[in-house]
Amino acid sequence: MPVLVVKDGPGPGTQVPAQLQRIPIPLLSPTSDCTGKTVKGRVVHKGPLVSMGEDNYVLKTVIQEEDSQQNMSPEHSSINIILFGALAKDYSESVSQADMLLVTGFTVGNSPTAQKDKLHACNLQLAGDDAWMYVWPSTVRPRASVPRKRTSPASTEVTRAAKVVKYTYVPLSDLKPGVVVNVYAVVTFFKQPFRTKGTDYCSTLKITDQSNKKVGCTIFCDKLEEHPKIFKMGDIIRLHRVKTQLFNGAISLLTSHGFSVVTFDGTVGSPVVPRTSSGSFKFGEEDCQVVEALRTWAANQSLVPAEPCVPLSAVQPKTYFDLTCQLLAKAPVDSSCTLLKVWDGSKCPHPLLDVFVEPNTLEGSRMLSKDMANLTANVLVYDNHVEVARQFKPGSYLRIYNLHAVPGASRLPSNDSGQSDQTEHLGFHLHGGTSYGRGLRVLPEDSPDILDLKRILETFADSDINDSSMFEVWSTPPESFERTCDHTVEQVSLAEVKSRGPPQVFHVQVQLKSYQPQRLYQSLKLFCHKCKTIRDVPDDVTVGGLFSEAQKDVGPCNNGYWTLALPLPREPPSESPSRTLTLLMSSQLMGKGKEKELIFLKGATLEETCRIASAYSNIVPVTSLQGTMTLLDLSAPFLFRGTKKYYGCKQCSQLKVGESLGEGVKVWDEESVADALGVQLLQYGLLMKLELQDGTGSLEALLWRDAESFFHVSAEDTAADQEAQDRVQETMDRLCPPGSSTAERPWMDLCLSAYTVEENGQRRACYQICHTDTRSTNPYTHPHATPSDT
DNA sequence: GCTTAGGTTTGG
């Protein structure tokens, strides 16, 4: 097996076995004894790799001795070397013109071309296991900055010498059939790996380079992670050891033995970060330059058609597009279809199809809030893609290729009773097959497109914070209003409201100019009656994280509870740790035959907890703390009742988990459970800021204490119930139709309570909408009517 | 043991 040794720097080094003896090239003759001899020179010519059939190659090269005696003519210090077999291939891939070469294990023959090329009358022939080459890459070319593997081959263990590091890359236009080559190129088309009828996965690519030749490339590999990580057209690809092949009259590339691949982002100016699963790939400055050259070249070629990546906000019905998004939840629909709930932070102008699935089949966050805001796209993936989607975890970032936006999308059997008006709703289908690159994959969290996406998604979190800070400014609204308004109070203008000042109740006739938050789910808050703080409802990703965290505690908790441990079957991947679900029931309750009325659950995911909660009346997720049962962090719900979740105040709760339970409790509901556990129960509330206007000016007013009667919903319901959410949305759409001018908005009779807030020693007037039911408010139906002036 | 696929949709 011929192996080439690389050594940095010029001149012979200690790596060449010392017992070898060098022969000056001019002294070589067909009668020379070549055993234990070496010849050394610089590569002045490197011929093409010529294929002589399967795995048999020939390559001719010329080296010139540089330190020959001066009286020797250059002709006689240059000699042809003929390389055979695998050595020829290795040489072709590893050695460049101007490299320094030392060969051993050769035979000397007569050069048939001596007359013509005026070189040495002899040539050197290298073949078989005895032939060896040592290469010192030229110092003229840029060098790899990564540390090279410098295995010093001990004389006894020469065969363990390091493989050569340098590769040569063939322009696509120069490819000849039947050779193994290395290429660098730009990806102009690709399919994500798909299962073949054979043993491997297959990636199909089309690539091109500065030679403008377009070449198809088929990659077979049984390991998915060894397939090229291509995220979009325009990515750069480096292929090592691919075989050229004539197919349909054109050259194509196919994986061959020892194949490897690295890919790079194709964006000009972005960092050159190799994407590979291989731990031993070689990558240096030269690669950076090649990548950057390809990027620059490609940027001026319009190789990539119109940007296939489209945000939800720009999706046109009936089109195919690529979607970059975050997976919120998924649910199997049937054996050939899986539902993925995704979002990209942009709002689709078309109403999105809501695919209803049984809550207990949904993995991940329910994201009702985002559904409500028309932010969640329901993607149905079919057939071959189901297997791929099965590996995805909610929270991960995906790109879905060639997604079909289908208006009035198909009705799923389970969806018949859901939305009656389907015609306007956009559904998304990833059809089966791989035509047009249809497929999907996870994108790494640090890839540029995902960093962009994360920034967008984070603005949602930011606006949550802004909502909270908005109410710090407004201070905690007063709990109750002494004055009541039955709208018999004299109606005044907003200008008068401002001039009269607090404390007072006013009756006004106004239009809605604007409101916050625009994303209505953000108006849902948790309120503590004791400390008066308002907090946001955590999203399911956050809560899911707390559950995962709690699962890490595998210790027992034995404080007098009756325990039922349920080992769970391992989930793929098989190396995932095994888990146990533990149900703990109060012995006290058990004595009264009421043990099922309150169940503590340990080791479950959020999803499992929700599922179990649908079957039992009160589920309290717990974990163990030094052998004692304890509640999860109070950022997570402490109680699940059906589809409802209840939270406790971190500040005001004084937990007494594990103490006696159920003395005097007749009915277990959220209040009695909270009492028994020492939890200060938080109330759900709706909080909005409305900007009101009439002919005399505008004024900002909070909607908080009476928000539930304003919308005719219970805030608690809006946390778990789509219908309640829709009602809030409908009310706001009626008062402030999207895209409407202020003249088109209805007039409302409102009751405003003015009160004083002290902040940093400064007093200012604040206003809150009270005693107003938007149903009984009877908004004016004449949009252009002017409010009566009083 | 040494194939598999070989870009091109329209549907659930």
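Proteins come first, then strands; the chains are lettered A, B, ... in the order of their sequence lines, and each starts at number 1.
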Item to check | Pairing residues for A:Glu226 by the salt bridge (charged side-chain N to carboxylate O under 4.0 Å, His left out) criterion, not counting sequence neighbours | outcome: none
Item to check | Pairwise C1' distance for B:dT10 and B:dG6, with rounding to whole Å | outcome: 23 Å
Item to check | pi-stack flag for A:Tyr382 and B:dG11, centroid dist under 5.5 Å, interplanar under 30° | outcome: no
Checklist outcome for this item: Applied to residues 431-445 of chain A, the side-chain hydrogen bond (donor to acceptor under 3.5 Å, both in side chains) test, sequence neighbours excluded, yields A:Lys191-A:Thr434, A:Gln192-A:Arg441, A:His404-A:His431, A:Glu445-A:Lys454
Next on the checklist: What is the separation between atom CD on A:Gln245 and atom P on B:dA5, rounded to the nearest whole Å?
Outcome noted: 14 Å
Next on the checklist: I'd like to know if A:Asp334 reaches the base of B:dG12 with its side chain such that a donor and an acceptor end up less than 3.5 angstrom apart.
Outcome noted: no
Report, one line per pair, each donor and acceptor closer than 3.5 Å where one atom sits in a side chain of residues 213-221 of chain A; sequence neighbours left out.
none

Next on the checklist: Please tell me whether A:Tyr401 and A:Tyr320 form a close aromatic pair, meaning their ring centres lie under 6.0 Å apart.
Outcome noted: no
Item to check | A:Thr324: partners by side chain to side chain donor-acceptor pair (under 3.5 Å), with sequence neighbours left out | outcome: A:Arg399
Next on the checklist: Please list, in numerical order, the residues of residues 189-200 of chain A that have a heavy atom closer than 4.0 Å to any atom of DNA chain B.
Outcome noted: A:Phe189, A:Lys191, A:Phe194, A:Thr196, A:Lys197, A:Gly198, A:Thr199, A:Asp200
Next on the checklist: I need the CG-P distance between A:Asp322 and B:dG7, as an integer number of Å.
Outcome noted: 19 Å
Next on the checklist: Can you measure A:Tyr401 atom OH to B:dT9 atom P for me and round it to whole angstrom units?
Outcome noted: 20 Å
Checklist entry - A:Leu205 has an atom CG; how far is it from atom P of B:dT8, in whole Å? => result 13 Å
Checklist entry - Within this structure, what is the CD-to-P distance between A:Glu226 and B:dT4, rounded to whole angstrom? => result 21 Å
Checklist entry - Just checking A:Asn402: base, sugar-phosphate only, or nothing, at a heavy-atom cut-off of under 4.0 Å? => result base
Item to check | Sequence neighbours excluded, every pair satisfying ring-ring contact (aromatic ring centres under 6.0 Å, His included) that has a member inside residues 287-316 of chain A | outcome: none
Next on the checklist: Can you measure A:Asn384 atom CG to B:dG11 atom C1' for me and round it to whole angstrom units?
Outcome noted: 13 Å
Checklist outcome for this item: Testing B:dT9, B:dG11, B:dG6 for proximity to the side chain of A:Tyr320, the answer is B:dT9
Next on the checklist: Under 4.0 Å, counting only non-hydrogen atoms across every strand here, what does A:Leu254 touch: a base, just sugar-phosphate, or nothing?
Outcome noted: base
Next on the checklist: Without decimals, in angstroms, what is the distance between A:Lys243 NZ and B:dT4 P?
Outcome noted: 13 Å
Item to check | Within residues 430-441 of chain A: residues closer than 4.0 Å to DNA chain B (heavy atoms) | outcome: A:His431, A:Gly432, A:Ser435, A:Tyr436, A:Arg438
Checklist entry - Looking at side-chain heavy atoms only, is the closest gap between A:His240 and A:Asn182 below 4.5 Å? => result yes
Item to check | Is_stacked (A:Phe220, B:dT3) at 5.5 Å, 30 deg | outcome: no
Next on the checklist: Just to verify, what does A:Arg295 make a salt bridge (charged side-chain N to carboxylate O under 4.0 Å, His left out) with, not counting sequence neighbours?
Outcome noted: none
Checklist entry - A:Asp222: what forms a salt bridge (charged side-chain N to carboxylate O under 4.0 Å, His left out) with it, not counting sequence neighbours? => result none
Checklist entry - Is it true that A:Asp287 and A:Arg238 have a side-chain N and a carboxylate O under 4.0 angstrom from each other? => result yes
Next on the checklist: Rounded to whole Å, how long is the line connecting atom CD1 of A:Ile251 with atom C1' of B:dG6?
Outcome noted: 14 Å
Checklist outcome for this item: Comparing A:Lys318 with A:Thr204, nearest DNA chain B nucleotide closer to 5' gives the residue A:Thr204
